[in-house]
> 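Okay, handing you the structure first.
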Protein chains: 2
Amino acid sequence: MDEYNQLFKALNILEEDLQEEIIKVAELQTVPKNTFIVVQDKYIKWLAIVISGKVRVWQEDGDRQILLYYVNPIQTCVLSLSATFKDCKSSVNAKTIEETTIIKIPVRFASTWSFKYFSWNKFTSNSFIFSYEDLLHSFKNLAFNKNDKRLLDYLKSQRKKTQSSIIPISHSQLAKEIGTTREVVSKILKQFELSGIVNLKFKQIELL
Amino acid sequence: MDEYNQLFKALNILEEDLQEEIIKVAELQTVPKNTFIVVQDKYIKWLAIVISGKVRVWQEDGDRQILLYYVNPIQTCVLSLSATFKDCKSSVNAKTIEETTIIKIPVRFASTWSFKYFSWNKFTSNSFIFSYEDLLHSFKNLAFNKNDKRLLDYLKSQRKKTQSSIIPISHSQLAKEIGTTREVVSKILKQFELSGIVNLKFKQIELL
DNA sequence: ATTTAACTGTATCAAAAGGTACAAGTTGGA
DNA sequence: TCCAACTTGTACCTTTTGATACAGTTAAAT
């Protein structure tokens with residue numbers, strides 16, 4: 001029950017009717033690390049809201065991947081929000097990267113609520129807006145910046161997020177974040193090291 | 001007045017209250033070809049809905065551009081929709097590519113309507129969903145496909161849209177659609193011609 | 001008809017990206 | 001301790017992309 005209150009507070013859901021509806025139809029679930037929440041080309045049946053933990057959302061093509069975003073606590077995956085309004089297949093993958101607690105709401109409810117409850121309306125619009133702006137930014141970045149710049153930007157954003165100059169990640173994972181191959185990442189990182197920008201250790205990159 | 005009725009019909013706006021509100025606060029405007037509707041980094045003050053004509057929406061960086069989408073009649077630019085809900089600067093440009101009639105609605109109204117009127121709620125959600133899916137598709141395409149494939153895809157989509165195998169466009173404009181340079185486009189097209197995929201004329205490409 | 005501006009073709013070079021292949025290092029568990 | 005799986009470094013080569021430069025073409029305007 002605590003998780004629901006967390007959700008209500010975070011989304012500013014004051015309507016008691018909505019609170020009741022959510023509790024009635026939602027399903028609280030704690031899933032282990034590395035569990036798929038959404039799989040590319042499969043239908044989405046639930047709107048998932050992350051309460052604790054973290055979910056990675058990406059697109060893939062063959063053995064290449066590119067990160068779309070991470071879903072943090074009290075966020076939802078916009079893609080499942082889309083499905084909420086229009087029955088559709090997912091064009092992304094989503095997987096927990098640590099043990100994660102989610103609240104699952106059947107998609108048919110979530111869309112009617114957006115007209116019925118003001119707080120839900122705000123929540124969905126805000127999610128869409130935030131995510132759209134975010135994706136736009138990623139698109140522009142991908143269109144106009146080379147891999148080295150995008151890699152460095154990624155490292156810097158990680159440093160900012162975690163408040164630590166040491167980023168624990170393998171070259172191949174890094175490649176899957178920025179949408180290239182492991183070899184390319186290794187080469188760029190080696191260049192960065194020679195330029196004194198980073199310090200390389202096993203599965204660990206220190207930004208200087 | 002005819003334009004408003006067109007709008008109401010297309011968006012299935014049956015609520016008389018909403019019709020009145022729209023007529024009261026909106027502004028009908030016909031703008032010539034090549035007029036900027038939205039400029040990157042400027043604040044958006046209006047939600048623009050295209051009634052007739054066509055608007056091109058793109059991002060740019062230096063002298064490079066990449067197409068985001070075209071806004072066709074009875075569509076809105078999602079970006080201006082974002083601004084509707086959250087006062088923000090535009091991260092895109094939008095310009096008419098033919099004489100275009102738009103209905104402009106001050107952003108502060110558009111967001112309140114989404115909770116007040118069901119048809120408006122549907123309109124905004126649908127716009128977001130459609131645009132998000134579209135951008136996701138473009139992102140994936142950009143991440144995993146080379147210029148030649150993206151160029152060919154663009155030509156094919158144009159053929160489908162216009163129902164004509166002859167696509168009237170210059171190499172430099174094509175470069176601005178797919179996010180590369182004129183020379184690259186010229187080289188790729190020449191390859192296509194040698195492979196018998198296209199027929200090249202001045203400012204005109206025929207898909208075979 | 002002539003000028004002008006935009007468009008196209010191409011050659012050359014350089015940089016970026018990626019694929020293959022293999023050696024060597026690191027870790028975690030059997 | 002030792003093996004298996006994963007990780008990293010790198011050499012070599014190819015393709016893709018992009019930048020520069022210039023010549024020739026086409027269309028539109030005066």
Side-chain angles (χ1 to χ4, degrees), chain A residues 33-34 60-67 97 139-155 166-207, chain B residues 33-34 60-67 97 139-155 166-207:
Chain A
K33 190 173 165 171
N34 292 330
E60 64 182 39
D61 185 78
D63 53 354
R64 294 268 288 276
Q65 298 188 356
I66 191 161
L67 174 71
I97 57 168
F139 185 73
K140 190 173 174 180
N141 190 24
L142 185 58
F144 301 125
N145 295 323
K146 306 278 180 209
N147 285 338
D148 58 349
K149 168 104 165 63
R150 304 214 331 278
L151 179 44
L152 189 57
D153 285 350
Y154 178 87
L155 293 176
I166 293 171
I167 297 126
I169 192 171
S170 73
H171 296 186
S172 68
Q173 187 54 43
L174 207 33
K176 287 175 179 178
E177 302 289 88
I178 65 166
T180 182
T181 61
R182 198 271 306 172
E183 293 83 350
V184 170
V185 168
S186 289
K187 272 185 271 190
I188 293 171
L189 283 175
K190 186 48 71 180
Q191 273 309 110
F192 283 174
E193 192 178 40
L194 294 174
S195 313
I197 300 173
V198 299
N199 227 321
L200 301 179
K201 298 250 177 63
F202 188 78
K203 280 185 120 176
Q204 178 175 309
I205 299 160
E206 184 185 2
L207 256 179
Chain B
K33 190 173 168 173
N34 293 327
E60 64 182 40
D61 185 78
D63 52 355
R64 294 268 288 275
Q65 298 188 356
I66 191 162
L67 174 70
I97 57 168
F139 186 72
K140 189 172 174 181
N141 190 24
L142 185 58
F144 300 125
N145 295 322
K146 306 276 180 214
N147 285 337
D148 57 349
K149 168 104 166 63
R150 305 215 330 279
L151 178 44
L152 190 55
D153 285 351
Y154 178 87
L155 293 176
I166 292 173
I167 297 125
I169 192 172
S170 74
H171 296 187
S172 68
Q173 187 53 42
L174 208 33
K176 287 176 178 176
E177 302 289 88
I178 66 167
T180 183
T181 60
R182 199 271 306 173
E183 294 81 352
V184 170
V185 168
S186 289
K187 271 186 271 189
I188 292 171
L189 283 175
K190 186 47 71 180
Q191 272 311 110
F192 284 174
E193 191 177 42
L194 293 174
S195 312
I197 299 173
V198 300
N199 227 323
L200 302 180
K201 298 250 176 64
F202 187 78
K203 279 185 118 175
Q204 177 175 311
I205 298 159
E206 184 185 2
L207 256 179

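Each chain gets a letter, A, B and so on, in the order its sequence line appears, and its residues count up from 1.
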> Measure NZ/A/K203 against P/D/dC6 and give the value in whole Å, please.
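Atom-to-atom, A/K203 to D/dC6, this comes out as 10 Å.
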> Is any side-chain heavy atom of A/I188 closer than 4.5 Å to one of A/L152?
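Result no, sub-4.5 Å side-chain heavy-atom pair not found.
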> Going by heavy atoms in the side chains, are B/L189 and B/F192 under 4.5 Å from each other?
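A side-chain contact exists here, since the closest heavy-atom pair is under 4.5 Å.
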> Calculate the interatomic distance between A/E193 atom CD and D/dT8 atom P; express it in whole Å.
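My rounded result for the distance is 12 Å.
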> Summarise how protein sits on nucleotides 10-18 of chain D as a single string, 5' to 3': B when a protein heavy atom is under 4.0 Å from the base, S for sugar-phosphate-only contact, - for no contact.
B-----SSB
> Any chance you could measure A/Q65, atom CD, to A/K176, atom NZ, to the nearest 0.5 Å?
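If I round to the nearest 0.5 Å, the distance is 5.0 Å.
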> Distance from A/E193 atom CD to A/K190 atom NZ, nearest 0.5 Å?
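A/E193 atom CD to A/K190 atom NZ measures 4.0 Å (nearest 0.5 Å).
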> For a quick check, with a 4.0 angstrom heavy-atom cut-off, what is the B/S/- contact string for nucleotides 25-30 of chain D, read 5' to 3'?
-SS---
> Working note: B/I166 + B/N199, criterion side-chain contact (heavy atoms from CB on, under 4.5 Å); need CA distance, chi angles, decisive distance, verdict.
CA-CA 9 Å; B/I166 292 173; B/N199 227 323; over 6 Å; no
> About how many Å separate CG of A/L142 and NZ of B/K140, when rounded to the nearest 0.5 Å?
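CG of A/L142 is found 14.0 Å from NZ of B/K140.
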> Measuring from atom CG of B/L194 to atom CG of B/L200, what distance do you get when rounded to the nearest 0.5 angstrom?
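Those atoms lie 9.0 Å apart.
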> If you apply the rule side-chain contact (heavy atoms from CB on, under 4.5 Å), what do you find for A/I178 with A/L67, and how did you get there?
CA-CA 6 Å; A/I178 65 166; A/L67 174 71; over 6 Å; no
> How many angstroms lie between atom NE2 of A/H171 and atom CG of A/L151, to the nearest 0.5 angstrom?
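If I round to the nearest 0.5 Å, the distance is 9.0 Å.
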> Rounded to the nearest angstrom, tell me the gap between atom NZ in B/K201 and atom C1' in C/dG9.
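Those two atoms, NZ and C1', are 17 Å apart.
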> State the OG1-CZ distance between A/T180 and A/R64, to the nearest 0.5 angstrom.
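These two atoms lie 5.0 Å from each other.
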> For the helix from C/dA1-D/dT30 to C/dA30-D/dT1, how many degrees between its two end axes (five pairs per end), to the nearest 10°?
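About 30°, once rounded to a multiple of 10°.
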> So, OP1 or OP2 of D/dC6: does either fall under 4.0 Å of a side-chain N or O from A/H171?
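Indeed not, no polar side-chain atom of A/H171 lies that close.
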